[in-house]
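Heads up, the thing below is written out as structure tokens.
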Number of protein chains: 6
Amino acid sequence: MRIDGREKDQLRTVKITTNYIKHAEGSVLIEMGDTRVVCTATVEDKVPPFAKGEGKGWITAEYGMLPRSTETRNVREATKGRQSGRTLEIQRLIGRALRGVVDLKALGERTLWIDCDVIQADGGTRTAAITGSFVALALALNKLVEDGILPVIPLKDFVAAVSVGIVEGEEVLDLNFEEDSKALVDMNVVMTGSNRFVEVQGTGEEATFSMEELQRLLTLAQKGIRELIELQKQALGDIARRIGMENAADSNSQ
Amino acid sequence: MRIDGREKDQLRTVKITTNYIKHAEGSVLIEMGDTRVVCTATVEDKVPPFAKGEGKGWITAEYGMLPRSTETRNVREATKGRQSGRTLEIQRLIGRALRGVVDLKALGERTLWIDCDVIQADGGTRTAAITGSFVALALALNKLVEDGILPVIPLKDFVAAVSVGIVEGEEVLDLNFEEDSKALVDMNVVMTGSNRFVEVQGTGEEATFSMEELQRLLTLAQKGIRELIELQKQALGDIARRIGMENAADSNSQ
Amino acid sequence: MRIDGREKDQLRTVKITTNYIKHAEGSVLIEMGDTRVVCTATVEDKVPPFAKGEGKGWITAEYGMLPRSTETRNVREATKGRQSGRTLEIQRLIGRALRGVVDLKALGERTLWIDCDVIQADGGTRTAAITGSFVALALALNKLVEDGILPVIPLKDFVAAVSVGIVEGEEVLDLNFEEDSKALVDMNVVMTGSNRFVEVQGTGEEATFSMEELQRLLTLAQKGIRELIELQKQALGDIARRIGMENAADSNSQ
Amino acid sequence: MRIDGREKDQLRTVKITTNYIKHAEGSVLIEMGDTRVVCTATVEDKVPPFAKGEGKGWITAEYGMLPRSTETRNVREATKGRQSGRTLEIQRLIGRALRGVVDLKALGERTLWIDCDVIQADGGTRTAAITGSFVALALALNKLVEDGILPVIPLKDFVAAVSVGIVEGEEVLDLNFEEDSKALVDMNVVMTGSNRFVEVQGTGEEATFSMEELQRLLTLAQKGIRELIELQKQALGDIARRIGMENAADSNSQ
Amino acid sequence: MRIDGREKDQLRTVKITTNYIKHAEGSVLIEMGDTRVVCTATVEDKVPPFAKGEGKGWITAEYGMLPRSTETRNVREATKGRQSGRTLEIQRLIGRALRGVVDLKALGERTLWIDCDVIQADGGTRTAAITGSFVALALALNKLVEDGILPVIPLKDFVAAVSVGIVEGEEVLDLNFEEDSKALVDMNVVMTGSNRFVEVQGTGEEATFSMEELQRLLTLAQKGIRELIELQKQALGDIARRIGMENAADSNSQ
Amino acid sequence: MRIDGREKDQLRTVKITTNYIKHAEGSVLIEMGDTRVVCTATVEDKVPPFAKGEGKGWITAEYGMLPRSTETRNVREATKGRQSGRTLEIQRLIGRALRGVVDLKALGERTLWIDCDVIQADGGTRTAAITGSFVALALALNKLVEDGILPVIPLKDFVAAVSVGIVEGEEVLDLNFEEDSKALVDMNVVMTGSNRFVEVQGTGEEATFSMEELQRLLTLAQKGIRELIELQKQALGDIARRIGMENAADSNSQ
């Protein structure tokens, strides 16, 4: 039915490889179809100036694409000398998504640097980055627990993200690049394991959408995110269970 | 009930002064409470390289704040040598919002430069910028009609924007700065005169929100935007009526 | 006689609106004909590194133009990523002009940030910025006195600025943009309430001028500046009188 | 004997995965021990301005490291707004190395963009980048032949690179990061399949070296490069043979 | 009487070495006391975009200081990534000064690039740069005549510059660095061979000055400039005479 | 035989003028044929952040070219806003070359800033910069001894540099610009007074070279460097003898 034979409400094949980079405190390679993103989490023992002395931590995310991760080569941002508006927007989105589930007080005055680098792009890189980063983050936080620095993993819930959109009149889940290029409406949704939104960004591309379309798209996203969180749990194994148990009481309460 | 005595579903006092800058093809000063934004529309007789030869026009928006438009002075972006991620994000939002209602084919190979400069900020500057820019844009397009360059105003509909959010447990319309600082959920909504969304951006600030909260917030935004479009019509006078008549047939059809 | 009907030695209509921006310690909107500049003064409780430990304050001025303040849109400096030579030159001029009348020792280790933003340009923006900034500065300094932080307003004198030039063979005061474009000689003059110069910048544009022409232009400027200082006094009301009385003894002595 | 148990003249385990990125005309993942570099080759149908109209092609190389490819996170160059001296130096080296074996005339007015991105770093990233890039380049050039754009692969020879150095008094081949940190003398050598040098860069790090040491190091490098070229041939399969046959006559003659 | 034994109206020892750089169309080393500036003039056969198609030429000046030309090392502007406000101001001044005497129409659509690089600084570098640049410019223009490209040297007059100031209550000519640091009033004056001003820039440094002081300073500057132009004539030899003869009729007429 | 009549193994005329800049702690003008470079050494009483607390000093080198030092004007790097890859590469080379002979421990926590500015370029500017910088450095270090800050000059040896290359089939010493443009192989060699290498950089320009060619070029370079070190000794006079005596025991031992 869809270009790549998927059902309208079907995710692409997802694969999460943990500990992909030996140096990082937490790292994964996440693959969603042909989209491949390396996510790492780095722990730094201080917070940015604006957050100093408040007794809580911070999450900063950065995002980049290899020049030839895309169909046509995109100019390297380090060469241009600045990050594009798109890159900055994605970085801010990833940071907000993760801050939505981290207990920053329990983290203490530490910064977690999240780096998401797209090795190969085929649509949905920002949502894959969020889904993968959560796993890298959990691994890094678990290491802080294992090293005796934190008593419990300071996560209030799981979080994952997916894109939905209207392509040729059909509402579909997890758009690949070709679908994304044709979509009149494009939406990125970030949700927690408790079915609550952290972020909803719906955009008409020289087009508009109704309340009903919006609701159906959000329902579609919800289905996809539930499946993604299941995959995060599998990738994290025991660590996932520890997040579940220790924080179960709190995850719905904010 | 609210900090400034408003009802939960009440807009601040809105004032739209047209032709505020004598040089610009279209210009307004929009005031929403203490938020004041100068919006200008400039017509350029060519399109950016990526759009050349496609027989249609383009809308580019830029946004800035005077250093002391805010409570504490913010560093001038021209001095820092680059625009912040927030600025780039807002610029892109304004551009998409306006492109949602302009008939770019009918515009022809022209660029409309929209400049939104915040003179005084008290929350909701980006949504005020969109609401004001639409009026400046309509004035500039009308001038192209009056000058005999275009046969009709190439607008498919009206568009306006407003913020909604959850502040101290209450869902409120058109947040001022103090409310915005306290909001757990913050949403910017862009809608057309036909009650269709161009953009929905809902964000939990280290918090989350449910599907029901989302829907109630969108309904609140819808009410506000209807009132704002009414005020746009008053500001545009005869020009508004001409947009209405010439394009009535098309405005729901995309 | 002149393009806009003025006499050769006549200023344009000047209007100074105080407290134009609610957040700033001092602010004005100054209008000279169609030139409109927002000037704000911000107090910061420290000085730049180079001035530390010398027991005196500092004045830093910044200047900007809205992109469509001019006849044709000028590219936003924040977008270009750097301020032009013209902007830097004007900023330095405004800073020197104000430092010429502030008692920096009496100010103590504080920085006054002066921001001058041109909303609409029709010639003479830098001189309007100086004249307006002085009033914003006086308001901010008076606030420090009212807040009990300083015992008296640390101003040695008033200061204002005006342009003069030779246009089509005539020596004229306060050039508007059209006159400025045609001027062979263009001069910006900054003077105090005691008739002393802080700055004289006379430039031939692919032209030259004689000692006699220079002197006549300076005399013309002197007349304009006396009138501008009278208008500053009216705008400042009681505060002006306080500057006068407390510092009267010193104002001629440097 | 060495930190990782290798002989002094032994390469780390090398793995070259071809066609690693689906979008690129040529691509490989090269792994030398824990060092992993993605190399892509992009064909562009024009040359840079300085080379226009000379009837020959150009090779431009760019290099980057993921922020957490290294032991401690290095700041993203796109965020800093500029590439470091080290990065620029490596880019220039890769470009010269490849231009040493490409027949630029036979390539015609085309640019080959080589992108080398370090996913994980453990010493020797620049030499791995050269060795991997050659394979990516050969794949891209072969594609031009297969597409009927070029009659033969315009390569005069193979080229590969390796590091050698003096570590704790021992001359060793293919230093890993720990060895590199301790090396008093560090040398990067680029050689062709015909045993000729394209580049020799030997550096004493606050130290010096004799003519004899230099010669022994170059001999060691020669051994390593011969093995690397053998591995390039295996990775390229049939394509390697085609390079060999068509260009055999020329490869020693320059 | 003065720090270095000079009379109040005495220039420092001036030396102008022509053809100092073999590559440039015109070049000089100008020395005024310990201030040493290399000035070169480069001819380019086109004008900047803003001047295209107007049938006249342009003069662009650039200025730089070697990092250790000054008492304490100043940071290299190429390293900082931008030119300071002071540098831009000086560049603009040099350009205006020279354009004041060049017949841009007679020059034709050519740009003259003037580069002024301070090898050693001891006050008055900008005025030395103007005085030296005029000679470099005349040499380059003369070369255009000798090469048969222009019929006559397109110079309307000579131009030179000098600083004057009030130091410890005394009005003095040609301040060295130590005097400049102490000066309450500092003035840079640019004059032609016909005793006409191109530029007057007088500045009180946290100080003010009267009309009478201004006039005495200008008279002092006039004396110095007359002597400098005499030295320019000696340096130019025959070429000077040719400027004099061919343009004698016009030099007073603008 | 060569373009300028030299023997293949003959240096150009070398002239080293010491104390060329009065402000710098050490300075020379080095001339090699028509190549002229000003080298200064500045002493700063602290080290860069990365070297703090290690009880040793640092050498940082910067390099620049006057815009018209070259045949055609090169754009000023301060104007472009960044240093080229070539400049950064040369700066790093000069720093490493000097650090190869300085006893950084004996220097103590001080930085020596080396500035090399090319006044006129005719090939070999980077090697002339190294040879000249060593003399400037020795002068600055000697000043530290004379001022009683250091007990002995912390230099382990002399160091100088020269280029060699293969031009039209001939191996030649000290290439001028014309030769450099034609060279197929170009090599920069840095050696100490004890005949040991600090750096060897050999590059084929779209060409390759054999082990034998490399060895003959290095032997040629050795001859040139011996002569250059002799000239450094003459320029330093007594100071040279002091370097020799105090450090004689150590110079071969690293």
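In what follows, chains are A, B, ... by sequence order, proteins preceding strands, each numbered from 1.
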Tell me whether the count of non-hydrogen atoms from other residues, nucleotides or ligands lying under 6.0 Å of NZ in B:K105 goes above 12. no

So what's closer than 4.5 Å to chain B heavy atoms on A:T87: side chain, backbone, both or neither? neither

Options A:G204, A:G202, A:A97, A:S84, ranked by heavy-atom pairs under 4.5 Å with chain B, top entry: A:G202

Is the shortest distance from a Lys or Arg side-chain nitrogen in B:K56 or A:E206 to a carboxylate oxygen in the other one below 4.0 Å? yes

Between OG1 of A:T192 and CZ of B:F209, what distance do you get to the nearest 0.5 Å? 10.5 Å

Is chain A contacted by the side chain of B:L93, its backbone, both, or neither, given a heavy-atom distance below 4.5 Å? neither

Salt bridge check: are A:E205 and B:R99 linked by an N-O gap of less than 4.0 Å? no

With sequence neighbours excluded, what pairs up with B:E179 under the salt bridge (Lys or Arg N to Asp or Glu O under 4.0 Å) test? B:R2, B:R6

Ion pair B:R86/A:E89, N-O distance below 4.0 Å: no

Determine whether more than 12 heavy atoms belonging to other residues, nucleotides or ligands lie under 6.0 Å from atom NZ of A:K46. no

Contact origin within B:M211 toward chain A - heavy atom pairs under 4.5 Å: both

When only pairs under 4.5 Å are counted, which of B:E199, B:M191, B:R82 shares the most heavy-atom pairs with chain A? B:E199

Give the minimum heavy-atom separation between A:S210 and B:R196, together with the two atoms involved. CB-NH1, 3.8 Å

Please enumerate all residues that pass salt bridge (Lys or Arg N to Asp or Glu O under 4.0 Å) together with B:R110, with sequence neighbours excluded. B:D45

Ranked by heavy-atom pairs below 4.5 Å to chain A, first place among B:V200, B:L104, B:L88, B:L214 goes to B:V200

Please look at B:Q91 and chain A and tell me whether the side chain, the backbone, both or neither of the residue comes under 4.5 angstrom of a heavy atom of that chain. neither

